[in-house]
Asks: 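Structure provided below as structure tokens; questions to follow.
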Amino acid sequence: MSSSSLRFALIGASDIAATRVAPALRRSGHEVVAVLSSSVERGRAYADANEIPDAASDLEPLLARDDIDAVYVSTTNELHCAQVLAAAAAGKHVLCEKPLAMTLADAWSMVDACERAGVVLATNHHLPAAGTHAAIAGLVQDGAIGEPVAVRVFHAVSLPERLQGWRLTSPERGAGVALDITCHDAAAVNAILGRPALEAAAIAVSQGPWSAVAEDALMSAIRYEGDVLVQTHDAFTVPYAGSGLEVHGTEGSIIARDVMTQDPVGRIVLRTKARESSVDPSHREDLYDHTIDAFAGAIAGEGLPIVDGVAGVRALAVAIAVKEAAESGRTAQIAWQRAAAAA
Ligand code: NDP
């Protein structure tokens, strides 16, 4: 094991931890020492299935352990805030799933608590960790398309059967497309445009073959600083569209396909007056490995997380405004500025 190897506890016996993040932690040379589940039996079964030595059902004693350096929080969304505050108080570094929290006040309190405790907080938004997204951001920042004027995001997918639970039925856990998918779009677009999002309008519906309480499809229109317009189509109900992201500027357009995914795939075309050319997307082996490497680097004082706590809050700010706009039928302002820390 290398000197930068970390010992992790998984907070939440989740699908994403089992399918993506625990394997990525191990590939990056870290250890998964324990998992927390609210159910002793499920926790034990999950630990056995995923080769994790310990299962715990109480957070405080788990966080008090000296053989844990960091936690990965992937419980349902309403639990993230209290668990991250407890981890920070125990001096553990935190990689937290998106959306960071259910409210902006909670999300900022997580950032404040981690700063006060001197621990690193990273948000597990995988898209900015993709080579494709880094290449698109680089093109925009280098002026390859002149001044950006519009972004189109195509992120309408089919919700896999194994995930057709709380995401459809439990608003109190953050169900719905806005917090699940629009939040990812926002993390990606915020990083590419590098400027504040100002206001959002949206229409959301429930159109799937299930009795969803929350919205399962939406389209949003978001205005960023400089009057850059962003549109998103986010859904659990569209199996065959494929995903994409386009950035249009005064001097050119970037057309990317299959780039709103968890896998290192996709292609990019740059179109200008002079030519249309393929851009090397510089695929990285795995988006989650890359996020974890940056998180471990930040803990070692080398660099920053790819999506830190503040960026995680700002992705949430856009998603919350989109949800509010869809629910109210009115344009919603996006609360971009950092809230003052509570005394
Ligand atoms: P899951 O539904 O798999 O797990 C969430 C919680 O539900 C678990 O912590 C567990 O609680 C409980 N649970 C899980 N399976 C069962 C079961 N069979 N029976 C009873 N309870 C169960 O969540 P996801 O993995 O889908 O999502 C977790 C978090 O990760 C969310 O915040 C989500 O937004 C985020 N996410 C992020 C992705 C990304 O790419 N960044 C992708 C997918 C999700 P307990 O441990 O207490 O038993």
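Atoms within a ligand are numbered from 1 in the order they appear, just like the ligands themselves.
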Asks: Are Asp293 and Arg27 within salt-bridge range, i.e. N to O under 4.0 Å?
Replies: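 No salt bridge links Asp293 with Arg27.
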Asks: Of the protein's non-hydrogen atoms, which lies at the shortest distance from atom 28 (C) of ligand 1, and what is that distance?
Replies: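 Heavy-atom neighbour on the protein nearest atom 28 (C) of ligand 1: Ser74 O, 3.2 Å.
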Asks: Can you pull out the closest protein heavy atom to atom 48 (O) of ligand 1? Residue, atom name and distance to 0.1 Å, please.
Replies: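 Nearest neighbour among protein heavy atoms for atom 48 (O) of ligand 1, to 0.1 Å: Ser37 OG, 2.8 Å.
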Asks: Should Lys323 and Glu215 count as an ion pair when the cut-off is N to O under 4.0 Å?
Replies: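 Yes, charged N to carboxylate O under 4.0 Å.
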Asks: Quick check: His184 with His126 (ring centres under 6.0 Å apart)?
Replies: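 That pair passes the under 6.0 Å test.
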Asks: Check each atom of ligand 1 against the heavy atoms of Gln262 and keep those under 4.0 Å away; list them by number with element.
Replies: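 Ligand 1 atoms under the 4.0 Å threshold to Gln262: 40 (O), 42 (C).
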Asks: Look at atom 8 (C) of ligand 1 and say which protein heavy atom is nearest, naming residue and atom and giving the distance to 0.1 Å.
Replies: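 Protein heavy atom with the smallest distance to atom 8 (C) of ligand 1: Ala13 O, 3.7 Å.
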Asks: Among protein heavy atoms, which lies nearest atom 3 (O) of ligand 1, and at what distance?
Replies: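 Here the nearest protein heavy atom works out to Asp15 N, 2.7 Å.
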Asks: Salt bridge or not between Glu246 and Arg257? Use side-chain N to carboxylate O under 4.0 Å.
Replies: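 Here Glu246 pairs with Arg257 in a salt bridge, since their nearest N and O are under 4.0 Å apart.
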Asks: Charged N to carboxylate O under 4.0 angstrom, Arg167 versus Asp216?
Replies: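 No, this pair does not count.
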Asks: Quick one: do Asp48 and Arg44 make a salt bridge, cutoff under 4.0 Å?
Replies: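 Salt bridge between Asp48 and Arg44, a charged N being under 4.0 Å from a carboxylate O: yes.
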Asks: Would you call Arg65-Asp54 a salt bridge at under 4.0 Å N-O?
Replies: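 Judged by the 4.0 Å cut-off on N to carboxylate O distance, Arg65 and Asp54 do form a salt bridge.
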Asks: Strictly below 4.0 Å, N to O, side chains only: are Glu276 and Arg271 in salt-bridge contact?
Replies: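 Result for this pair is yes, salt bridge flagged.
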Asks: Determine whether the side chain, the backbone, both or neither of Tyr288 has a heavy atom under 4.0 Å from any heavy atom of ligand 1.
Replies: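 Within the 4.0 Å criterion, Tyr288 contacts ligand 1 through side-chain atoms alone.
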Asks: Considering only non-hydrogen protein atoms, determine which one is nearest to atom 13 (N) of ligand 1 and report residue, atom name and distance to 0.1 Å.
Replies: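 For atom 13 (N) of ligand 1, the nearest protein heavy atom comes out as Arg42 NH2, 3.2 Å.
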Asks: Can you see whether Ser253 engages His248 through a side-chain donor-acceptor pair at a distance of less than 3.5 angstrom?
Replies: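 Present: a donor and an acceptor within the cut-off.
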Asks: With a 4.0 Å heavy-atom cut-off (strictly under), which part of His80 contacts ligand 1: side chain, backbone, both or neither?
Replies: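 The part of His80 near ligand 1 is the side chain, not the backbone.
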Asks: Run the numbers for me: atoms of ligand 1, each under 4.0 Å from some heavy atom of Asn77, listed by number.
Replies: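 The list of qualifying atoms is 31 (C), 32 (O), 34 (O).
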Asks: Indicate, as side chain, backbone, both or neither, the part of Tyr46 found under 4.0 angstrom from ligand 1 when only non-hydrogen atoms are considered.
Replies: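 Tyr46 to ligand 1: no contact under 4.0 Å from either part.
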Asks: Does His133 use its side chain to pair, donor to acceptor, with the backbone of Val259 at less than 3.5 Å?
Replies: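 It does hold such a pair.
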Asks: Does at least one non-hydrogen atom of Arg167 fall below 4.0 angstrom from an atom of ligand 1?
Replies: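 The answer is yes: ligand 1 sits under 4.0 Å from a heavy atom of Arg167.
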Asks: Give the residue and atom name of whichever protein heavy atom lies nearest to atom 42 (C) of ligand 1, and the separation in Å to one decimal.
Replies: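 Looking at atom 42 (C) of ligand 1, the protein heavy atom closest to it is Ile16 CD1, 3.4 Å.
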Asks: Is there a heavy atom of Gly165 sitting under 4.0 angstrom from any atom of ligand 1?
Replies: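 It does not, in that no heavy atom of Gly165 comes within the 4.0 Å cut-off of ligand 1.
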Asks: One residue to check: His184. Relative to ligand 1, which of side chain, backbone, both or neither has a non-hydrogen atom less than 4.0 Å away?
Replies: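 It is the side chain that gets close, since no backbone atom is under 4.0 Å.
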Asks: Answer side chain, backbone, both or neither: which part of Leu163 comes under 4.0 Å from ligand 1, heavy atoms only.
Replies: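 The answer is the side chain.
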Asks: Is the shortest distance from a heavy atom of Thr19 to ligand 1 less than 4.0 Å?
Replies: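 No heavy atom of Thr19 comes that close to ligand 1.
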Asks: Is it true that Lys92 and Asp69 make a salt bridge, defined as a side-chain N closer than 4.0 Å to a carboxylate O?
Replies: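 No.
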Asks: Please state which protein non-hydrogen atom is closest to atom 37 (C) of ligand 1 and give its distance, to 0.1 Å?
Replies: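 That would be Glu97 OE1, 2.9 Å.
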Asks: Please report which non-hydrogen protein atom sits nearest to atom 7 (O) of ligand 1, along with the residue it belongs to and the distance in Å to one decimal place.
Replies: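 Of the protein heavy atoms, Thr76 CG2, 4.3 Å lies nearest.
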